[in-house]
Protein chains: 2
Amino acid sequence: MSINITAGQALRLWHQSNLHMVLDDAPDLSVRQIAILLTIYLETPPHTVRGLAQKLNVSKPVITRALDSMGILGLVSRRRDENDKRNVLIQRTVEGSLYLEKLGDMIAEQARQQGEI
Amino acid sequence: MSINITAGQALRLWHQSNLHMVLDDAPDLSVRQIAILLTIYLETPPHTVRGLAQKLNVSKPVITRALDSMGILGLVSRRRDENDKRNVLIQRTVEGSLYLEKLGDMIAEQARQQGEI
DNA sequence: CAATATTGTTTCGGTACCGTATCATTTACG
DNA sequence: CGTAAATGATACGGTACCGAAACAATATTG
């Protein structure tokens, strides 16, 4: 289950994947935005602004603004928690799932191409 | 030599690594800056502003500004090409090497921890 | 109930980045 | 030579993000 790669391989993988993200047509998310997006999609819900801010050790406005930006891109959506109306529950979207699916495929493909000189 | 991982593993690796970069004390570089930095360190020199701009398909000011920022951080340095004084040669630094060494170690470590639940 | 706490958003001033256009310097060429 | 081309840097107006503080809405508590 665990992946064994050298630091050099890791760096080359990071390089190629970052290059692809930059060259890609898709709008470039910041490192923070990517971290937020992946947390929403890979970790167990529910996700709140406060929870994400704590997890990433950033201020709440950072989360609010990232959700604004990524909401415009359709990558996430927000809904009021009906049980506690102070809370906002962050939800996944079809578009976001698709975005991350492509990202995962791209990175795995870059890994596969490592060392093929 | 080639690494075989699933898209899901790639995504989790990306997630954990991005989380570490955000939580890290080191100043957060943008995705573009990281792409530029890794190109300088992993691809064959010489590196020029124009060459990097072409490779990443961005305008030259983007490169100039990224080099300014990363230069202040000590991650790269610049030197005039004495053969053709229009050119600026971008050079690696000890600090930059160290930065990327740590980055590679961190990503490899995250890979190693994949699936350890 | 009133006072306090919690949650997410907005505002504020500031910084950093973007793309386009322009500039200064250097080289190539007619 | 003198003009054109190439290279990198800078100016400019605009956009997006940052942290701190203030805010509105809701929930908790005494």
Side-chain angles (χ1 to χ4, degrees), chain A residues 18-19 21-40 45-92, chain B residues 18-19 21-40 45-92:
Chain A
N18 267 290
L19 271 183
M21 292 185 62
V22 170
L23 293 173
D24 204 271
D25 292 328
D28 281 7
L29 301 181
S30 70
V31 174
R32 282 185 176 191
Q33 288 174 332
I34 294 170
I36 293 169
L37 189 64
L38 283 165
T39 299
I40 294 167
H47 297 292
T48 64
V49 172
R50 176 177 149 68
L52 290 170
Q54 276 189 328
K55 176 156 192 71
L56 301 187
N57 197 31
V58 296
S59 63
K60 288 189 294 178
V62 167
I63 305 296
T64 295
R65 285 183 292 242
L67 294 178
D68 288 344
S69 310
M70 296 194 292
I72 291 172
L73 296 174
L75 300 178
V76 296
S77 74
R78 278 185 273 204
R79 189 169 55 77
R80 276 283 162 194
D81 181 353
E82 285 306 321
N83 291 6
D84 184 341
K85 290 183 180 168
R86 290 173 302 183
N87 286 334
V88 162
L89 301 178
I90 293 118
Q91 302 186 292
R92 303 165 185 172
Chain B
N18 269 287
L19 271 184
M21 290 185 65
V22 169
L23 293 173
D24 204 270
D25 292 327
D28 282 6
L29 302 182
S30 72
V31 174
R32 282 185 177 191
Q33 287 175 333
I34 294 170
I36 293 170
L37 189 63
L38 283 166
T39 300
I40 294 167
H47 298 292
T48 63
V49 172
R50 175 173 150 65
L52 290 170
Q54 275 188 329
K55 173 154 195 74
L56 302 186
N57 196 32
V58 296
S59 62
K60 287 191 295 177
V62 167
I63 304 296
T64 295
R65 284 183 294 242
L67 294 179
D68 287 344
S69 310
M70 297 194 292
I72 290 173
L73 296 174
L75 301 178
V76 297
S77 74
R78 279 184 271 204
R79 189 169 55 80
R80 277 281 162 195
D81 181 353
E82 286 305 319
N83 291 4
D84 183 342
K85 290 183 181 170
R86 291 172 301 182
N87 286 333
V88 162
L89 301 177
I90 293 118
Q91 303 185 292
R92 304 165 185 172

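- Taking only side-chain nitrogens and oxygens, B/S69 comes nearer than 4.0 Å to OP1 or OP2 of C/dC17.
- Atom CG of A/L29 is separated from atom CG of A/L38 by 9.5 Å, given to the nearest 0.5 angstrom.
- For A/L52 and C/dT9, the CG to C1' distance is 15 Å, given to the nearest whole Å.
- Residues in residues 46-74 of chain A take part in these salt bridge (Lys or Arg N to Asp or Glu O under 4.0 Å) pairs, two or more places apart or across chains: A/E43-A/K55, A/D68-A/R78.
- A/R92 places a side-chain N or O within donor-acceptor distance of the main-chain N or O of A/I40, the cut-off being under 3.5 Å.
- Distance CZ/A/R32 to CG/B/L19: 12.5 Å, rounded to 0.5 Å.
- Here B/R50 lies in heavy-atom contact (under 4.0 Å) with sugar-phosphate atoms only.
- Residue B/K60 contributes atom NZ, which lies 15 Å from atom P of C/dA24 at whole-angstrom precision.
- Among the heavy atoms of the strands lying under 4.0 Å from B/K85 are primed sugar atoms or P, OP1, OP2 only; no base atom is included.
- At whole-Å resolution of the value, CG in A/L89 and P in C/dT7 are 13 Å apart.
- Among the atoms of the strands shown, only primed sugar atoms or phosphate atoms (P, OP1, OP2) are found under 4.0 Å from some heavy atom of B/Q33.
- Side chain of A/V49, nearest nucleotide from C/dT26, C/dC18, C/dG8: C/dG8.
- Counting only heavy atoms from C-beta on, B/R86 has its side chain closest to C/dT26 among C/dT26, C/dG8, C/dT20.
- Looking at heavy-atom distances under 4.0 Å, B/T48 makes contact with sugar-phosphate atoms alone, never a base.
- Both B/D84 and A/R32 sit near DNA chain D, but only B/D84 has its closest nucleotide nearer the 5' end.
- Judged by distance alone, the side chain of A/R80 and the main-chain N or O of A/R86 form a donor-acceptor pair under 3.5 Å.
- Atom CD in A/Q54 sits roughly 12 Å away from atom P in C/dT6 (whole-Å rounding).
- The shortest distance between the side-chain N/O atoms of A/R79 and the OP1/OP2 oxygens of C/dG8 is not below 4.0 Å.
- For B/D68 and A/R80, each mapped to the nucleotide of DNA chain D holding its nearest heavy atom, the one lying further toward the 5' end belongs to B/D68.
- Atom pair B/N87:CG and C/dT26:P shows a separation of 12 Å (rounding to whole Å applied).
- Residues A/D28 and A/V22 are in side-chain contact: their nearest non-hydrogen atoms beyond the backbone lie under 4.5 Å apart.
- Phosphate contact (OP1/OP2 of C/dG8, side-chain N/O of A/T64, threshold under 4.0 Å): absent.
- In terms of modelled atom types and a separation under 3.5 Å, the side chain of A/H47 and the main chain of A/I90 share no donor-acceptor contact.
- Contact footprint of chain A on DNA chain D: nucleotides with an atom under 4.0 Å from a non-hydrogen protein atom, first to last in 5' to 3' order, D/dC17 to D/dA27.
- Taking atom NE2 on A/H47 and atom C1' on C/dG8, their separation rounds to 17 Å, with Å as the unit.
- The side-chain heavy atoms of A/V88 and A/T48, taken from C-beta on, include no pair separated by under 4.5 Å.
- Backbone-only contact: A/N83 has heavy atoms under 4.0 Å from sugar-phosphate atoms and none from a base.
- Which of C/dT10, C/dG8, C/dT27 sits closest to the side chain of A/P61 comes down to C/dT10.
- Residue contacts for A/V62: at a heavy-atom cut-off of 4.0 Å it reaches the sugar-phosphate backbone alone, with no base atom in range.
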